Each structure stands twice: as C-alpha cells, then as structure tokens.
A.B. asks: 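One structure coming up, written as structure tokens, with questions to follow.
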Amino acid sequence: MDKDLRIKELERELAENKEQTESLEKQVCSYEESSANLKEEIYQLKDFLYSSTAQIAFLKGPDYRIEFANKSVIKVWGKGDDVVGKPLFDVIPEVRDQGIEDYLNKVYNSGEPYHARALPVEHNINGEMVKSYFDFSYMPHYNSDGKIVGVDIIAQDVTQQAMLHQKVRKSEKEFRGLVDFMPHKISIADAEGNSVFYNKSWLDYTGMTMDEFLDSHWTQIIHPEHVEKVEQELAECLEKGKDLDIELKIKDKNGDYKWHLCRAIAMKDDGITTSWISSSTQIQKLKEEEQRKEDFLKLVSHELKTPVTSIKGYVQLLQSILNSEKDNITKPYLHRIEDQIERLIRLISEMLDLSRIEQNELELHTEEFSLNEHVENIIEDIFHTNKDIQIELEHLCKCDIVADKDRIGQVIINFITNALKYSMDAKRVLVKVFYENENHVAVSVKDFGIGIEKKDLNRIFKRFYRVSAKNEETYAGFGIGLYLSNEIIERHNGKILVDSEPGEGSQFTFILPLNQN
Ligand code: ADP
C-alpha cells in the first residue's frame with residue numbers, strides 16, 4: 001500500500017516537473033527571440049550611426065581609445081578605415097594642440113558636456129593641412145555604475161556656411177570702408193525709417209559719435225523751417241515706398257546750417273521695402289552761386305527794364321510816323337526790332353518774376369476769358385515772328401476760364417517756345433485744348449524733338465535747372481521758364497504733367513480746375 005502511494009506521489013511530482021520544464025523551455029524560447037530582436041535593433045542603430053552624415057565617434061578611457069567611428073568621421077580624419085581600438089591622438093596627432101585634447105579632458109574629468117559652433121580644425125590629409133569648420137558636441141559616456149568611462153563626439157561639418165559667413169563679413173567690412181571713405185553722407189535706415197547706420201562723413205560733419213547720432217532724432221539737425229516739409233515728404237515716401245529727393249539745411253558741429261541735397265531709395269525684396277539707403281551731398285556752394293545768379297539777374301532786369309521800355313516806345317513812335325509815309329524799306333526792320341524787344345521784355349519780366357516768387361509777391365489778376373481764343377492768339381503771335389515752324393492747333397472743347405490771362409499766356413508761350421527750341425530741325429508742334437475730366441480743362445503742347453531722360457523729368461521744374469552741359473551749350477536759356485510756369489499753374493490750383501522719351505519728343509500739359517474764383 002505504502003509502496004503504491006509512494007509511486008503515485010512520484011508520478012505526480014514527475015508530472016509537475018514536466019509542466020515546469022515545459023514552461024521553462026517556453027521562457028528560454030521567448031528570451032532567445034527577444035535577444036535576436038535586440039541584436040537586430042543594435043545592428044540597425046549601429047548601421048544608422050555608421051552611415052550618418054554627422055561625424056560620430058565613441059572614445060573610451062583616459063587615452064580616448066576609439067571604440068566606434070562612423071564613415072563620415074573616418075573620411076574627415078583622412079587616415080584610412082583601420083582606426084577602431086587605437087587612441088584618438090595616435091590617429092590624428094595634429095589636432096591635439098588645436099585645443100581638442102583640452103576639451104576632451106574637461107568633459108572626461110568634469111562630466112560637463114561641451115558644445116562649440118563653427119570651430120576651425122586642421123586635419124593632416126596626405127601631408128597637407130586642410131582646414132574645416134565644425135559644430136561640436138562632446139558628451140560624457142557613463143557605464144551602468146554611473147562612472148564616466150569615455151567621451152562621445154558628434155560633429156557636423158559647417159565649412160561651407162562658415163566660408164559664406166566669412167565672405168559676407170568681408171564684403172560688409174569693404175562696404176563700410178567704402179562708405180566711410182566717401183565724402184558723401186551715407187546712412188541706412190530700417191523699413192520704418194529708423195536710422196541704423198551713419199558713415200564717417202556724417203559723424204565728422206555733426207561731431208557726434210555713432211551712438212549719440214542714433215539716439216538723437218533727425219529733426220535736431222535739420223533747420224526748423226524745413227522740418228515740416230521733410231516730415232511730410234518722409235511720411236509719403238515711407239507710405240508709398242517711393243524715393244526721396246529733397247533740398248534742406250543741416251546743422252554742422254559748429255551749429256551752422258548748410259544746404260544739402262538728400263536722396264533716399266527704398267531697398268525692396270519681392271516688392272516689400274526692407275530698408276532705406278540715403279545719401280546727402282553738401283550743395284552750399286551751389287546755393288550760394290544760385291543766390292548770386294539770382295541777385296545779379298534781379299539787378300540786371302531792374303536796370304534793363306526802363307531803357308528797354310523806352311526803346312519800345314520810340315520804335316512804336318517811329319512806326320506810327322512811318323505809317324503815314326510810304327517807306328516800305330524801313331518798316332519791316334522796325335517790325336523786327338519790335339519783335340526782338342518783345343522777347344527781351346519777356347525775358348526781363350521772367351527775371352523779375354523770379355524774385356517776386358522768392359519774396360512771395362507773385363500776384364494773380366484773374367478774369368474770365370476764352371482759353372481757345374487765348375491759345376489761338378498766342379500761336380498767331382509766335383507764328384508771326386517765325387515762319388519756318390509748323391504749329392497745329394486742335395480744339396477738342398470750347399472753354400471759358402477764370403484765371404490770370406497774362407500768366408496763363410506766359411505758360412503757353414514757355415511750352416511752345418521750348419517745344420520749338422528743343423526740336424532741332426523738326427519744328428512741328430501739336431497744341432490741344434481739351435477737357436481732362438468734367439472739372440478740369442487742359443492744354444497740351446507736343447513736340448518731336450530731343451526729349452528728356454526720365455531722371456531729369458522732375459528736376460527741370462527746379463530753378464536754374466538745365467538738362468546737361470551739352471544742351472546748355474546748344475540751346476540758349478536760363479532754366480527759369482518751367483520753374484515759373486509750375487509756380488503759376490500751382491497758384492491756379494492746377495498741375496503740370498510731362499511725358500517724354502529721349503530722341504522721340506516731349507509733351508507738356510497743364511491742367512486747370514474749372515469753376516474757380
Ligand atoms: P530753359 O529752356 O531756359 O533752359 P526751362 O525752365 O524752360 O529753361 O526748361 C528747363 C530745361 O528743361 C531746359 O533746359 C531743357 O533741358 C528742358 N526742356 C524743357 N522743355 C523741353 C522740351 N520741350 N524738350 C526737351 N527738353 C526740354
């Protein structure tokens with residue numbers, strides 16, 4: 001009985017052991033499977049690190065023995081593939097004294113990671129030292145007990161970017177050298193118009209340091225009587241992104257104001273203003289010359305006015321005497337003298353107008369008259385003195401206006417005589433009177449002459465401005481006709497438009513509002 005019991009007990013134990021053995025076998029199987037997976041993952045990770053474009057190396061021990069070096073770092077070192085197991089400075093001894101050993105020691109001894117940007121390192125590649133730039137990270141490598149056992153390196157070759165930065169820095173240095181060398185005052189402002197740079201010429205002129213100048217407001221150095229105008233123009237330029245071109249007085253380090261011509265252009269990216277570059281040139285001497293010219297003209301015109309008017313009187317007297325006699329030889333000459341005197345009188349009155357404008361004394365005497373008839377009469381008068389010309393007049397509307405008849409006549413004469421003067425041989429001029437819109441009437445004068453370059457289109461309305469030295473020699477003039485015309489039309493609340501193509505011809509148009517008192 002005891003024996004049977006014992007057998008059964010043994011059989012049960014055997015069954016239990018079998019169960020345990022089976023379960024253990026299953027566990028072993030599962031361990032084997034996960035170990036194979038792990039091996040596969042480690043293999044993939046190593047493969048990933050090995051083929052990464054970043055330079056990666058794991059260094060072990062105080063002599064930084066290479067435990068792992070990927071393809072990229074092996075290429076940078078340039079000492080062949082057989083590097084694993086060797087101390088780092090046996091493979092690349094040339095970098096030891098370039099600070100690399102110090103960085104590694106610091107990380108190895110302190111456990112503090114070290115990062116550097118665009119660090120230059122020279123490697124000996126086949127006997128030649130090749131300089132490259134790297135972004136670096138050196139990190140301590142810990143074992144399972146938390147002890148530092150090595151240093152891991154990850155680096156990225158940034159040589160191309162570093163070279164580009166160097167080029168940019170070099171060209172910026174050259175640019176600064178250039179603008180400091182220039183006698184012109186150059187400044188740069190951001191998109192909102194806040195200055196960020198002034199060149200040496202500006203600092204020398206104002207006697208301020210760069211920081212003082214940048215901290216001060218530009219209005220402090222501008223003559224008080226120009227501040228409002230500059231503010232208005234600047235606001236318009238900033239709003240519309242258009243170029244600035246203005247004459248104003250700027251205070252120097254002694255507190256004296258000198259005339260400058262200031263120009264600014266918007267630097268744009270995809271049509272959006274990113275900054276402003278401005279140049280200011282001293283034109284004090286030019287202004288003084290202009291003043292002398294103006295004073296001289298004023299003096300001469302005053303002195304000439306009386307004798308010329310009395311010559312005209314005598315000519316008219318002679319004409320009336322001769323009218324009663326049959327002297328056909330003298331009469332035409334007297335007529336010519338009268339025409340020339342008319343021209344002279346016009347010139348003298350232009351000169352006098354100039355000083356009237358300067359002193360704000362140009363008055364308008366308005367009356368109602370037919371613009372068509374006025375234009376017609378003026379053309380007849382011009383034609384009378386010059387038969388070689390061809391002036392075609394087109395009335396596209398009939399219009400009476402309230403304006404200063406003589407002054408409007410002065411503008412028409414200026415447009416037509418300019419059209420003839422700047423036409424060389426092709427003395428053909430087209431004049432049109434038309435409605436610009438329901439509230440405005442216009443007179444345009446078109447010629448087929450030498451034309452005007454775009455850059456000069458705004459400047460020709462400035463006092464004494466004449467297009468170029470070549471023109472100055474070829475065509476006589478003072479450069480005041482258009483200045484006066486512009487003043488006259490502006491005082492009538494109108495405006496002048498000019499459209500011109502060099503070599504093709506020009507069209508000057510004045511537009512006047514209707515129904516003004
Ligand atoms: P001026 O003719 O006496 O020089 P204006 O003030 O009338 O003075 O004209 C200023 C400048 O504008 C001229 O010197 C000339 O260069 C240019 N200009 C004016 N009208 C014309 C035109 N019809 N064609 C070409 N250039 C012109």
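Just follow the structure's listing: the first ligand is 1, and inside any ligand the first atom is 1. All values reported here derive from a predicted model rather than from experimental measurement.
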A.B. asks: If every non-hydrogen atom of Ala403 is compared with every non-hydrogen atom of Ile408, which pair is closest and at what distance?
C.D. replies: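 Where Ala403 meets Ile408 most closely, the heavy atoms are CB-CG1, 3.9 Å.
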A.B. asks: For Asn414, take its heavy atoms, then give the atoms of ligand 1 lying under 4.0 Å from any of them.
C.D. replies: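 Contacts of ligand 1 toward Asn414, numbered from 1: 7 (O).
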A.B. asks: What do the steps show when you test Arg176 against Glu172 for salt bridge (charged side-chain N to carboxylate O under 4.0 Å, His left out), and what is the final call?
C.D. replies: CA-CA 6 Å; Arg176 289 202 179 226; Glu172 194 184 323; 3.7 Å; yes
A.B. asks: Check whether any N or O atom of Lys421, backbone or side chain, sits under 3.5 Å from an N or O atom of ligand 1, and answer yes or no.
C.D. replies: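 Yes - when backbone and side-chain N and O of Lys421 are compared with those of ligand 1, one distance drops under 3.5 Å.
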A.B. asks: Asp252 and side-chain hydrogen bond (donor to acceptor under 3.5 Å, both in side chains): which partner among Gln282, Lys258, Gln284?
C.D. replies: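 Of all the options given, the one that passes is Lys258.
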A.B. asks: Please determine if Tyr483 has a nitrogen or oxygen closer than 3.5 Å to a nitrogen or oxygen of ligand 1.
C.D. replies: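 There is no such contact.
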A.B. asks: After noting the C-alpha distance and the side-chain angles of Lys312 and Glu342, does the key distance pass the salt bridge (charged side-chain N to carboxylate O under 4.0 Å, His left out) rule?
C.D. replies: CA-CA 8 Å; Lys312 189 182 170 187; Glu342 278 302 328; 2.7 Å; yes
A.B. asks: A quick test of your reading: do over 12 heavy atoms of other residues, nucleotides or ligands sit less than 6.0 Å from CD of Glu373?
C.D. replies: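 Incorrect, the count does not exceed 12.
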A.B. asks: Need the ligand 1 atom indices (1-based, order shown) with element for anything under 4.0 Å from a heavy-atom of Tyr465.
C.D. replies: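 Selected atoms, number and element: 10 (C), 11 (C).
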A.B. asks: Is there a heavy atom in Gly479 that sits closer than 4.0 Å to ligand 1?
C.D. replies: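 Yes, that is the case, since the closest heavy atom of the residue is under 4.0 Å from the ligand.
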A.B. asks: Say whether Phe508, considering both its backbone and side-chain N or O atoms, lies within less than 3.5 Å of an N or O atom on ligand 1.
C.D. replies: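 No, there is no polar N/O contact under 3.5 Å.
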A.B. asks: Within the 4.0 Å heavy-atom shell around Ile480, which atoms of ligand 1 are there?
C.D. replies: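 The atoms of ligand 1 under 4.0 Å from a heavy atom of Ile480 are 6 (O), 8 (O).
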A.B. asks: Taking only heavy atoms of Ile452 into account, list the atoms of ligand 1 that are under 4.0 Å away from them.
C.D. replies: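 That gives atoms 25 (C), 26 (N), 27 (C) of ligand 1.
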A.B. asks: Above 12 or not: heavy atoms from other molecules or residues under 6.0 Å from NE2 of His440?
C.D. replies: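 Count over threshold, so yes.
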A.B. asks: For the side chain of Asp270 and the backbone of Ile272, is there at least one donor-acceptor N/O pair under 3.5 Å apart?
C.D. replies: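 The answer is no, because no donor-acceptor pair under 3.5 Å joins these two groups.
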A.B. asks: Under 3.5 Å between any N/O of Ile460 and any N/O of ligand 1: does that happen in this structure?
C.D. replies: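 No; every N/O pair is 3.5 Å or more apart.
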